[in-house]
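Presented below is the structure to which this report refers.
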Amino acid sequence: MKRFWRGINHYLVFFLMVAFLVTCCIMLFTSTLMDSLGVVLTDENLATAEKLTFINVVLLSVLFTLFDTLRRKLTMERTARRIAEAAKKIVSGDFSVRVERPGRFSIDEHFVEIIDCFNQMAQELSGVETLRTDFISNVSHEMKTPLAAMHNYGTLLMAPDVSDEKRIEYARSITDSSRRLADMMTNILKLNKLENQQIFPNAERFNLGEQLCESLLQYESVWEKEEIEIETDIAEDVFIHADRELLSLVWNNLLSNAFKFTPSGGTVSVTLAAEEKHAVVEVRDTGFGMSSETGAHIFEKFYQGDTSRATRGNGLGLALVKRVVDIVHGKISVESVLGEGTTFTVKIRR
C-alpha cells in the first residue's frame, strides 16, 4: 500500500511538472504563430488542442514516472536494500559481511562513497571484535594461573602443621603471584590507554645516553645477584626530541626481558650510536633466544613463544614497547638465535 501511494505521489509530481512545461511551451508557440503569421484560432481549434495537450501530458507523465521508478529501483532501492541487509547482519554480530561495490555508472556516486565507508566500518568492527574476544580470552587465562597459585598456597598456609620454612616459601609464592597479577593489570591499563590514544606524547629534548644509564642502574641488584656481566657502549651527547616517560617504558621492558631470560654468568649489552637522523639503541643478551616463528609474533599481546618460561612474564611488555615506539614514530626490530641470545634494535628520530 505504501508503495502504491508513493507511486501516485511521484506521478502527480511529474504530471504537474509536465503540465506546466507543456502549457508554457504551447502558449509561447501559439502566441508567436499568431503574431508572425496572423493566424486566428477558433474555439473549436482551441478545444481540440486542449484535449490533445491533456492526453499528451498524461502519457508523458506516465512515461516519466515509469522511467524514474525504474531508475530509482536500479540505482537506489536495490543498493539501499543491500546496505540495510548488511547492516542487520552486523547488528546480529556478523562482522564479516561486506557490500559489493557495483559499477561506478550503475548507481549514484554518493552511494559508492557510502558503500566504501560501510565496508571500512565493517572491517574495523571485525578487527575490534577479534581483539576484544582474544583479549578477554587471554586475560582470563593469564589471571587464572596466579590466582590458582595464590589459592593453593593460601590453602597450604592454613594447615596447622606447616613448618616455618614451608610457610615462608608459600608466602613468597603468594607474593610473587600477586606481584605478577598486579604487573599484568598495570600493563593492561597502560596498553589500553596507548591504544586508545588517551596518552599524548609530551616531547622534550633530553640526553638519551643518560636515560639509558639510569634505566640500566635500576637492575644493578639483579645482575649482581645473577652474576650477569654488563657491557655498555653508549655514545655521549646523543640528544633526541621525544617523550622521556614513554621511552623509559621501552628501556625498562627491554632490559627486564634481557635479565629475565639471561642465565647466570651470561652477558647483557647496551649500545647507543648516533646516526645522521636517528639514535640507534641495541639491547643484546646471551639468553635462551627464540625461534623465527616466535620472533614473528613477539610484539603481539599475550604471545609467549616458550610456555615453559611463561611465569617470567605475561606477554604484554613487548606489545607495550611496540606501541610506544610507534607513537614516537620510531622503529623496532628483533634478531634472535635459539640458544644463543636476542638483540632488540630501536631507532628514534633525533
Side-chain angles (χ1 to χ4, degrees), residues 138 142 145-146 172 175-194 199 208-232 234 243-272 281-290 294-295 297-328 330 332-336 340-346 348:
N138 287 319
E142 291 294 328
T145 303
R172 183 181 296 111
T175 302
D176 291 342
S177 296
S178 63
R179 177 179 49 77
R180 181 187 171 201
L181 190 61
D183 289 344
M184 183 177 66
M185 292 297 104
T186 300
N187 282 336
I188 287 174
L189 291 174
K190 289 179 180 177
L191 192 56
N192 180 64
K193 288 182 178 180
L194 289 172
I199 295 180
L208 181 57
E210 291 181 358
Q211 186 183 51
L212 287 172
C213 291
E214 292 172 359
S215 298
L216 185 59
L217 288 174
Q218 295 180 19
Y219 297 92
E220 184 176 3
S221 59
V222 178
W223 80 61
E224 288 181 351
K225 179 181 178 181
E226 299 294 333
E227 297 181 351
I228 296 175
E229 184 179 352
I230 303 299
E231 294 182 354
T232 59
I234 299 177
D243 190 304
R244 182 195 296 265
E245 184 176 352
L246 285 180
L247 280 180
S248 67
L249 294 175
V250 174
W251 318 132
N252 288 339
N253 275 284
L254 292 181
L255 290 171
S256 176
N257 276 352
F259 288 114
K260 281 178 184 177
F261 298 108
T262 299
S264 180
T267 302
V268 171
S269 304
V270 179
T271 64
L272 170 62
V281 178
E282 288 187 356
V283 178
R284 182 183 300 108
D285 65 65
T286 58
F288 303 107
M290 53 187 164
T294 301
H297 301 278
I298 198 63
F299 295 113
E300 297 176 7
K301 292 194 294 287
F302 296 104
Y303 184 83
Q304 293 175 332
D306 188 349
T307 56
S308 65
R309 288 183 283 272
T311 56
R312 302 194 180 193
N314 49 55
L316 285 171
L318 290 177
L320 190 65
V321 166
K322 180 66 167 62
R323 183 58 183 148
V324 170
V325 172
D326 288 342
I327 287 176
V328 299
I332 184 169
S333 60
V334 58
E335 295 180 3
S336 185
E340 295 185 13
T342 303
T343 301
F344 286 93
T345 303
V346 180
I348 306 294

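Given the structure is predicted, the values throughout are model-derived calculations rather than measurements.
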Pairs involving residues 244-254, ordered by first then second residue, that meet salt bridge (charged side-chain N to carboxylate O under 4.0 Å, His left out) (sequence neighbours left out): E204-R244
Considering the options V270, L249, V283, which one meets the side-chain contact (heavy atoms from CB on, under 4.5 Å) requirement together with L254? V283
CG (N252) and CG (N257) are apart, to the nearest 0.5 Å, by 11.0 Å
Can you label the angle between the Y219 ring and the F259 ring as parallel, tilted or perpendicular, going by 30° and 60°? parallel
CD1 on I228 to OG1 on T262, rounded to 0.5 Å: 5.5 Å
Could you walk me through whether S269 and E282 pass side chain to side chain contact (heavy atoms under 4.5 Å, CB included), step by step? CA-CA 8 Å; S269 304; E282 288 187 356; over 6 Å; no
Taking R172 first and then D176, would you say they form a salt bridge - that is, a charged N and a carboxylate O separated by under 4.0 Å? no
Hey, does the side chain of T286 reach the backbone of T267 with a donor-acceptor pair shorter than 3.5 angstrom? yes
In terms of heavy-atom contacts, does CD of E227 have more than 12 from other residues, nucleotides or ligands at under 6.0 Å? no
Minimum side-chain heavy-atom gap V325-V250 below 4.5 Å: yes
Flag side-chain contact, heavy atom, 4.5 Å: F344 against V321: no
Using side chain to side chain contact (heavy atoms under 4.5 Å, CB included) as the criterion, list what pairs up with S178, not counting sequence neighbours. M150
How long is the gap from CD on Q211 to CG on L272, to the nearest 0.5 Å? 10.5 Å
Stepwise side chain to side chain contact (heavy atoms under 4.5 Å, CB included) test for L216 and L255: CA-CA 7 Å; L216 185 59; L255 290 171; 4.0 Å; yes
Closest non-hydrogen contact found for I234 with C213 is CD1-SG, 3.7 Å
Give the minimum heavy-atom separation between V346 and I348, together with the two atoms involved. CG1-CD1, 3.7 Å
Separation between CD of E335 and CE of M290, rounded to the nearest 0.5 Å: 10.0 Å
Note: S336 and T342 closest approach over all heavy atoms is OG-OG1, 2.8 Å
Approximate separation, where rounding is to 0.5 Å, of L246 CG and R323 CZ: 10.5 Å
